[in-house]
*Asks:* 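Shown below is the structure under consideration.
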Amino acid sequence: MSLLVVGSVAYDGIETPFGKVDRILGGSATYISLTSSYFAKQVNLVGVVGRDFADEDIELLKSKEINLEGLQIDNSGDTFFWSGKYHYDLNNRDTLDTQLNVFERFDPVIPESYKDAKFIALGNIEPSLQGKVLDQVNDPDFVVMDTMNFWIAGTPDALKETIKKVDLLVINDSEARELADEPNLIKAAEIVRDMGPSSLIIKKGEHGALLFTDNEIFSAPAYPVIDIFDPTGAGDSFMGGMLGWLAYTDDLSAHNLRRAVIMGSVMASFCVEEFGPGRLKNLTEKEIYDRYREFRSLSEIPEVV
Ligand code: AMP
């Protein structure tokens, strides 16, 4: 099944306790597309880049057979630039700079050939633009949306309008508390699911993730990554791995959703092992499935009697 990915395509400047890069390929749509391309038959990207976007970055996306028909090239300005700094607690980062550039005028236009996509990934962009994407597609089976505290605080009405239309919302623990205005995560999850999405994933940074559906709560373990260099893109890689897996299997059963959450965790664990998307360029099938098995064994609980 094909997957439609909408989000930012960016250059990032990143500083962590382990090093620094001034400019590296980034953006939510980039990470979601790269990670989902290991599973989904067809990944269709929608985004915008500026006149400075490098040919080698186009070639990287093409090498993963990501369809770029929906990637707008706006020669009137530069590509979106974001920079951030992480401290020893890699769950927290400070945004140092955000230059919207051509992203400020981004108007997601969905090409005709993308409109029948059954799986849709709405990366973290302005909620009204995410809604605009949904207005243009035909009859998707499964829509997943990411957002952030900036939109929860800044555009709550537009956010709630878009949330109503999605099947799965993916947010982190502090965002869930803020959106629900409730400190207890389990109660917050119920409140958020009442806003529309039948399923909710709450990411807890390096501590794993929780999946809430009608009948159950599933707790995904965190992988004990030893070589963690840069958490940038981990959340988007989680979304890409998860949705790529669902698009590949075309199976939305509760059982397969659990697999998808682990596949998301697998791709996020690779993402953090190098700066930017470096580690996501040349993964092998064996590496991916071996790590999936490691995840399984991490949380195998023996019977008590
Ligand atoms: P993550 O670490 O998964 O939350 O995502 C990091 C990516 O989000 C980086 O590659 C940034 O380029 C991108 N990003 C940061 N701020 C924004 C924003 N306001 N809108 C869209 N993308 C952003």
*Asks:* Any salt bridge between D139 and K115, counting N to O under 4.0 Å?
*Replies:* no
*Asks:* What verdict does the side-chain contact (heavy atoms from CB on, under 4.5 Å) test give for N172 and I202, after you've listed the backbone C-alpha separation in whole Å, the side-chain angles of each residue and the deciding distance to 0.1 Å?
*Replies:* CA-CA 5 Å; N172 68 32; I202 299 183; 5.9 Å; no
*Asks:* Indicate yes or no for a side-chain donor-acceptor contact from N184 to the backbone of K187 under 3.5 Å, with no hydrogens or angles considered.
*Replies:*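 Here the side-chain-to-backbone pair exists.
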*Asks:* Check the pair T213, S199 against side chain to side chain donor-acceptor pair (under 3.5 Å), reporting the backbone distance first and the verdict last.
*Replies:* CA-CA 5 Å; T213 54; S199 304; 5.6 Å; no
*Asks:* Does a side-chain heavy-atom distance below 4.5 Å link L4 with I110?
*Replies:*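 In short, these two side chains touch, coming nearer than 4.5 Å.
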*Asks:* Consider only side-chain N and O atoms of H87 and D94, and report whether a donor and an acceptor are under 3.5 Å apart.
*Replies:*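 The answer is yes; a qualifying pair exists.
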*Asks:* Keeping the roles fixed (side chain from T162, backbone from Q130), state whether a donor-acceptor pair exists under 3.5 Å.
*Replies:* no
*Asks:* Does the distance from a Lys or Arg side-chain N to an Asp or Glu carboxylate O, for R193 and E190, drop under 4.0 Å?
*Replies:* yes
*Asks:* Pairing donors with acceptors under 3.5 angstrom, does anything connect the side chains of N124 and D146?
*Replies:* no
*Asks:* Around D181, counting heavy atoms of other residues, nucleotides and ligands shown, do more than 12 lie under 6.0 Å from its CG?
*Replies:* no
*Asks:* Can you find a side-chain donor-acceptor pair between S237 and T35 that sits under 3.5 Å?
*Replies:* no
*Asks:* Between E287 and R279, does any NZ, NE, NH1 or NH2 come within less than 4.0 Å of an OD or OE carboxylate oxygen?
*Replies:*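 Salt bridge between R279 and E287, a charged N being under 4.0 Å from a carboxylate O: yes.
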*Asks:* Salt-bridge test for R105 and D74: reply yes if a basic N is under 4.0 Å from a carboxylate O, no otherwise.
*Replies:*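 A salt bridge is present here (some side-chain N lies under 4.0 Å from a carboxylate O).
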*Asks:* Please tell me if the side chains of N92 and Y86 come closer than 4.5 Å, counting only heavy atoms from C-beta onward.
*Replies:*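 Side-chain contact under 4.5 Å: no.
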*Asks:* Start with the C-alpha distance between S2 and F119, add both sets of side-chain angles, then the distance that settles side-chain contact (heavy atoms from CB on, under 4.5 Å), and finish with yes or no.
*Replies:* CA-CA 7 Å; S2 65; F119 292 83; over 6 Å; no
*Asks:* Using the test ring pair (Phe, Tyr, Trp, His ring centres under 6.0 Å), find all partners of F80 that sit at least two apart in sequence or belong to another chain.
*Replies:*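 By the ring pair (Phe, Tyr, Trp, His ring centres under 6.0 Å) rule, F80 matches F103.
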*Asks:* Within this structure, what is the CG-CD1 distance for the pair L3 and I32, rounded to the nearest 0.5 Å?
*Replies:*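 L3 CG to I32 CD1: 8.5 Å, rounded to 0.5 Å.
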*Asks:* If two hydrophobic side chains count as joined below 4.5 Å and joins carry through other members, does I66 share a cluster with I73?
*Replies:* yes
*Asks:* So for atom CD, which belongs to E285, do other residues, nucleotides or ligands contribute more than 12 heavy atoms lying within a distance under 6.0 Å?
*Replies:* no
*Asks:* Quick one: does V192's side chain get under 4.5 Å of E182's, heavy atoms only?
*Replies:*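 Heavy-atom side-chain distance check fails, nothing below 4.5 Å.
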*Asks:* Counting heavy atoms not belonging to F150, are there more than 12 under 6.0 Å from its CZ?
*Replies:* no
*Asks:* Can you check side-chain contact (heavy atoms from CB on, under 4.5 Å) on L179 and I171, steps first, answer last?
*Replies:* CA-CA 10 Å; L179 180 59; I171 46 182; 4.2 Å; yes
*Asks:* Return the orientation label for the F39 and Y289 ring planes: parallel under 30°, perpendicular over 60°, tilted otherwise.
*Replies:* perpendicular
*Asks:* For K165, check side-chain contact (heavy atoms from CB on, under 4.5 Å) against everything at least two apart and list the hits.
*Replies:*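 With sequence neighbours excluded, K165 shows a side-chain contact (heavy atoms from CB on, under 4.5 Å) to L134, D135, given in chain and number order.
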*Asks:* Examine the side chains of T79 and D52 and answer whether a donor and an acceptor come within less than 3.5 Å of each other.
*Replies:*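 Distance-only check passes for T79 and D52.
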*Asks:* Could you please spell out the steps behind the side-chain contact (heavy atoms from CB on, under 4.5 Å) verdict for D250 and K118?
*Replies:* CA-CA 9 Å; D250 192 21; K118 291 294 168 205; 5.8 Å; no
*Asks:* Could you tell me if E69 and Y114 have a donor-acceptor pair between their side chains, going purely by distance under 3.5 Å?
*Replies:*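 Not at all, the side chains of Y114 and E69 share no donor-acceptor pair under 3.5 Å.
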*Asks:* Check R51 with D78, please: is the shortest side-chain N to carboxylate O separation under 4.0 Å?
*Replies:*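 Yes.
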*Asks:* Is the gap between the ring centers of Y11 and F53 under 6.0 Å?
*Replies:* yes
*Asks:* If we check side-chain hydrogen bond (donor to acceptor under 3.5 Å, both in side chains) with W82, which of these qualifies: T95, D97, D12?
*Replies:*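 Answer to the side-chain hydrogen bond (donor to acceptor under 3.5 Å, both in side chains) test with W82 among T95, D97, D12: T95.
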*Asks:* Count the heavy atoms of every other residue, nucleotide or ligand shown that sit under 6.0 Å from CZ of F218, and state whether that count exceeds 12.
*Replies:* yes
*Asks:* Less than 3.5 Å apart, any donor N or O on the side chain of S37 or E65 sitting next to an acceptor on the other?
*Replies:*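 Absent: no donor and acceptor within the cut-off.
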*Asks:* For D55, does the CG atom sit with more than 12 other heavy atoms under 6.0 Å from it, leaving out its own atoms?
*Replies:*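 No, CG of D55 has 12 or fewer neighbouring heavy atoms, counting only those of other groups under 6.0 Å.
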*Asks:* Would you confirm whether E216, through its side chain, and F212, through its main-chain N or O, come within 3.5 Å as a donor-acceptor pair?
*Replies:* no
*Asks:* Are the charged groups of E273 and R291 less than 4.0 angstrom apart, N to O?
*Replies:* yes
*Asks:* Tell me whether D22 is salt-bridged to K20, with the criterion being a basic N under 4.0 Å from an acidic carboxylate O.
*Replies:*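 Yes, this pair counts.
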*Asks:* Strictly by modelled atom types, are N256 and T249 linked by a side-chain donor-acceptor pair under 3.5 Å?
*Replies:* yes
